[in-house]
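All residue numbers in this chain count up from 1 along the given sequence. Order of listing sets the numbers, starting from 1, for every ligand and every atom in it. The model shown is predicted, which means the values in this text are computed figures rather than measured ones.
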Amino acid sequence: MEPIRILVLNGPNLGVLGRRQPEIYGERTLQDLPGLLREVMGDAADAVQLVLHQSNSEGGLIDRLERAVEEGIQGIAFNAGAYTHTSLALADCLAWIGIPCVEVHLSNVWARREPLRHQSMIAPQCVGVVSGFGLLSYVYAVQAIYRLHVRDKAGTER
Ligand code: DQA
(Lines give C-alpha, C1' and ligand atoms only; values in the text may rest on other atoms or scores of the structure.)
Protein backbone atom coordinates (compact mmCIF):
# COMPACT_ATOMS: atom_id res chain seq x y z
CA MET A 1 0.00 0.00 0.00
CA GLU A 2 1.21 3.49 -0.87
CA PRO A 3 1.97 5.61 2.22
CA ILE A 4 -0.38 8.50 3.03
CA ARG A 5 1.43 11.73 2.12
CA ILE A 6 1.08 14.33 4.85
CA LEU A 7 2.42 17.87 4.62
CA VAL A 8 3.75 19.16 7.95
CA LEU A 9 3.61 22.86 7.33
CA ASN A 10 5.11 25.45 9.65
CA GLY A 11 4.71 29.19 9.62
CA PRO A 12 6.76 32.12 10.90
CA ASN A 13 9.37 31.70 13.64
CA LEU A 14 9.01 27.93 13.66
CA GLY A 15 12.20 27.30 11.73
CA VAL A 16 14.15 28.11 14.89
CA LEU A 17 12.37 25.60 17.08
CA GLY A 18 14.61 24.40 19.89
CA ARG A 19 16.20 27.84 20.17
CA ARG A 20 13.04 29.94 20.33
CA GLN A 21 11.71 30.43 23.88
CA PRO A 22 12.25 26.76 24.86
CA GLU A 23 10.31 27.34 28.08
CA ILE A 24 7.19 27.79 25.87
CA TYR A 25 7.96 25.79 22.72
CA GLY A 26 10.28 23.09 24.01
CA GLU A 27 13.81 22.06 23.14
CA ARG A 28 13.06 19.63 20.34
CA THR A 29 13.37 20.62 16.70
CA LEU A 30 11.27 19.65 13.68
CA GLN A 31 14.04 17.25 12.69
CA ASP A 32 13.09 15.20 15.76
CA LEU A 33 9.59 14.64 14.38
CA PRO A 34 10.11 11.47 12.29
CA GLY A 35 11.79 9.71 15.25
CA LEU A 36 9.05 10.77 17.65
CA LEU A 37 6.38 9.65 15.18
CA ARG A 38 7.95 6.20 15.06
CA GLU A 39 8.19 6.08 18.86
CA VAL A 40 4.45 6.74 19.16
CA MET A 41 3.05 4.98 16.08
CA GLY A 42 5.47 2.07 15.85
CA ASP A 43 5.28 0.20 12.53
CA ALA A 44 2.19 2.19 11.52
CA ALA A 45 4.63 5.08 10.91
CA ASP A 46 5.58 3.25 7.69
CA ALA A 47 2.09 4.00 6.40
CA VAL A 48 2.71 7.76 6.39
CA GLN A 49 5.19 9.83 4.46
CA LEU A 50 5.94 13.23 5.98
CA VAL A 51 6.73 16.20 3.75
CA LEU A 52 8.20 18.97 5.92
CA HIS A 53 8.07 22.64 4.95
CA GLN A 54 8.53 25.92 6.79
CA SER A 55 8.06 29.48 5.61
CA ASN A 56 8.23 32.79 7.43
CA SER A 57 5.91 34.48 4.96
CA GLU A 58 2.17 34.26 4.43
CA GLY A 59 2.59 34.10 0.64
CA GLY A 60 5.16 31.32 0.98
CA LEU A 61 2.66 29.26 3.00
CA ILE A 62 -0.10 29.83 0.43
CA ASP A 63 2.25 28.87 -2.41
CA ARG A 64 3.10 25.64 -0.57
CA LEU A 65 -0.57 24.82 0.08
CA GLU A 66 -1.41 25.35 -3.61
CA ARG A 67 1.48 23.10 -4.59
CA ALA A 68 0.15 20.43 -2.20
CA VAL A 69 -2.97 20.14 -4.37
CA GLU A 70 -0.89 19.48 -7.50
CA GLU A 71 1.21 16.94 -5.61
CA GLY A 72 -1.78 14.98 -4.32
CA ILE A 73 -0.94 15.57 -0.66
CA GLN A 74 -3.61 13.78 1.40
CA GLY A 75 -3.47 15.65 4.69
CA ILE A 76 -1.90 18.68 6.33
CA ALA A 77 -0.65 19.21 9.89
CA PHE A 78 -0.44 22.98 9.95
CA ASN A 79 1.16 25.20 12.56
CA ALA A 80 0.60 28.62 11.07
CA GLY A 81 2.27 30.32 14.06
CA ALA A 82 1.03 33.87 14.59
CA TYR A 83 -0.77 33.81 11.21
CA THR A 84 -3.23 31.42 12.84
CA HIS A 85 -4.73 34.36 14.65
CA THR A 86 -4.74 36.91 11.85
CA SER A 87 -4.69 35.44 8.36
CA LEU A 88 -7.88 35.53 6.34
CA ALA A 89 -5.70 34.73 3.33
CA LEU A 90 -4.65 31.37 4.78
CA ALA A 91 -8.24 30.60 5.78
CA ASP A 92 -9.36 31.39 2.21
CA CYS A 93 -6.72 29.05 0.84
CA LEU A 94 -7.68 26.16 3.16
CA ALA A 95 -11.33 26.73 2.22
CA TRP A 96 -10.80 25.69 -1.40
CA ILE A 97 -7.93 23.22 -1.52
CA GLY A 98 -10.04 20.33 -0.20
CA ILE A 99 -7.24 18.63 1.76
CA PRO A 100 -8.04 17.68 5.38
CA CYS A 101 -6.03 19.98 7.62
CA VAL A 102 -5.36 19.75 11.36
CA GLU A 103 -4.39 22.99 13.10
CA VAL A 104 -1.35 22.41 15.32
CA HIS A 105 0.22 24.36 18.19
CA LEU A 106 3.12 23.45 20.42
CA SER A 107 1.78 25.55 23.27
CA ASN A 108 -1.76 25.50 24.61
CA VAL A 109 -2.88 28.70 22.93
CA TRP A 110 -5.97 28.99 25.17
CA ALA A 111 -3.76 29.02 28.26
CA ARG A 112 -1.63 31.87 26.89
CA ARG A 113 -1.93 35.37 28.28
CA GLU A 114 -2.63 37.32 25.07
CA PRO A 115 -6.36 37.20 24.17
CA LEU A 116 -5.56 37.28 20.43
CA ARG A 117 -3.97 33.84 20.76
CA HIS A 118 -7.37 32.45 21.81
CA GLN A 119 -8.72 33.19 18.34
CA SER A 120 -8.07 31.24 15.19
CA MET A 121 -8.85 32.39 11.67
CA ILE A 122 -8.03 28.98 10.22
CA ALA A 123 -9.76 26.60 12.68
CA PRO A 124 -13.15 26.80 10.89
CA GLN A 125 -11.42 25.42 7.77
CA CYS A 126 -9.74 22.56 9.67
CA VAL A 127 -10.98 19.12 10.69
CA GLY A 128 -9.64 19.67 14.21
CA VAL A 129 -7.07 21.34 16.44
CA VAL A 130 -4.21 19.91 18.54
CA SER A 131 -2.63 22.35 20.97
CA GLY A 132 -0.38 22.14 23.99
CA PHE A 133 1.68 18.97 23.62
CA GLY A 134 4.93 20.36 22.26
CA LEU A 135 6.31 18.37 19.34
CA LEU A 136 3.82 15.62 20.19
CA SER A 137 1.05 17.93 18.92
CA TYR A 138 2.33 17.23 15.39
CA VAL A 139 2.44 13.50 16.04
CA TYR A 140 -1.19 13.51 17.24
CA ALA A 141 -2.23 15.56 14.21
CA VAL A 142 -0.50 13.11 11.85
CA GLN A 143 -2.14 10.19 13.66
CA ALA A 144 -5.55 11.86 13.33
CA ILE A 145 -5.06 12.32 9.57
CA TYR A 146 -3.85 8.73 9.25
CA ARG A 147 -6.96 7.48 11.07
CA LEU A 148 -9.20 9.61 8.85
CA HIS A 149 -7.75 7.90 5.78
CA VAL A 150 -7.88 4.42 7.29
CA ARG A 151 -11.52 5.01 8.22
CA ASP A 152 -12.34 6.32 4.74
CA LYS A 153 -10.83 3.20 3.19
CA ALA A 154 -12.55 0.81 5.60
CA GLY A 155 -15.81 2.76 5.45
CA THR A 156 -16.18 2.46 9.22
CA GLU A 157 -16.88 4.92 12.00
CA ARG A 158 -14.04 6.79 13.75
C1 DQA B 1 2.18 28.72 18.16
C2 DQA B 1 1.29 29.66 18.98
C3 DQA B 1 1.15 31.00 18.29
O4 DQA B 1 0.34 31.85 19.06
C5 DQA B 1 2.51 31.65 18.12
O6 DQA B 1 2.38 32.87 17.43
C7 DQA B 1 3.50 30.76 17.46
C8 DQA B 1 3.53 29.35 17.87
C9 DQA B 1 2.44 27.39 18.88
O10 DQA B 1 2.88 26.46 18.22
O11 DQA B 1 2.22 27.28 20.09
O12 DQA B 1 4.32 31.18 16.67
O13 DQA B 1 1.52 28.43 16.94
Side-chain angles (χ1 to χ4, degrees), residues 4-41 44-45 48-69 71 73-149:
I4 296 161
R5 299 189 71 207
I6 299 176
L7 174 65
V8 178
L9 185 57
N10 279 285
N13 302 305
L14 292 163
V16 288
L17 217 54
R19 284 184 286 151
R20 175 191 178 196
Q21 295 173 286
E23 68 286 3
I24 299 175
Y25 300 114
E27 285 175 6
R28 292 201 256 217
T29 73
L30 288 167
Q31 279 66 48
D32 297 327
L33 186 56
L36 193 60
L37 189 77
R38 183 154 297 274
E39 215 177 291
V40 176
M41 287 183 73
V48 300
Q49 183 191 343
L50 300 187
V51 179
L52 303 182
H53 187 84
Q54 190 271 332
S55 173
N56 285 325
S57 80
E58 197 174 27
L61 293 169
I62 293 171
D63 288 344
R64 189 64 191 86
L65 287 167
E66 289 179 356
R67 203 140 50 83
V69 178
E71 291 170 352
I73 292 283
Q74 291 156 286
I76 303 164
F78 190 14
N79 187 347
Y83 286 138
T84 305
H85 317 297
T86 61
S87 178
L88 182 59
L90 283 174
D92 282 353
C93 183
L94 291 173
W96 80 264
I97 59 172
I99 304 173
C101 179
V102 176
E103 177 181 325
V104 175
H105 299 288
L106 295 138
S107 63
N108 176 355
V109 284
W110 290 279
R112 304 278 300 268
R113 213 168 16 89
E114 304 92 332
L116 185 56
R117 291 192 206 274
H118 308 161
Q119 284 167 222
S120 172
M121 293 295 286
I122 66 169
Q125 307 302 335
C126 292
V127 291
V129 180
V130 185
S131 183
F133 301 98
L135 201 64
L136 275 171
S137 292
Y138 294 88
V139 172
Y140 298 146
V142 166
Q143 270 190 308
I145 294 164
Y146 166 72
R147 292 298 307 174
L148 277 180
H149 283 279

Worksheet item: Do the side-chain N and O atoms of Glu103 and Thr84 include a donor-acceptor pair separated by under 3.5 angstrom?
Response: no
Worksheet item: Is it true that the side chains of Arg112 and Ser107 contain a donor and an acceptor less than 3.5 Å apart?
Response: yes
Fill in: For Gln21, side chain to side chain contact (heavy atoms under 4.5 Å, CB included) partners two or more places apart
Glu23, Ile24, Tyr25
Worksheet item: CZ/Arg67 to CD1/Ile73 distance, rounded to the nearest 0.5 angstrom?
Response: 9.5 Å
Practice prompt. Output all residues satisfying salt bridge (charged side-chain N to carboxylate O under 4.0 Å, His left out) with Glu39, sequence neighbours left out; order by chain, then residue number.
Written response: none
Worksheet, complete the sentence: Contacts of Arg38 meeting salt bridge (charged side-chain N to carboxylate O under 4.0 Å, His left out) (sequence neighbours excluded), chain-then-number -> Asp46
Discussion item. Can you work out which protein residues put a heavy atom within less than 4.0 Å of ligand 1?
Written reply: Arg20, Tyr25, Asn79, Gly81, Ala82, His85, His105, Leu106, Ser107, Val109, Arg117
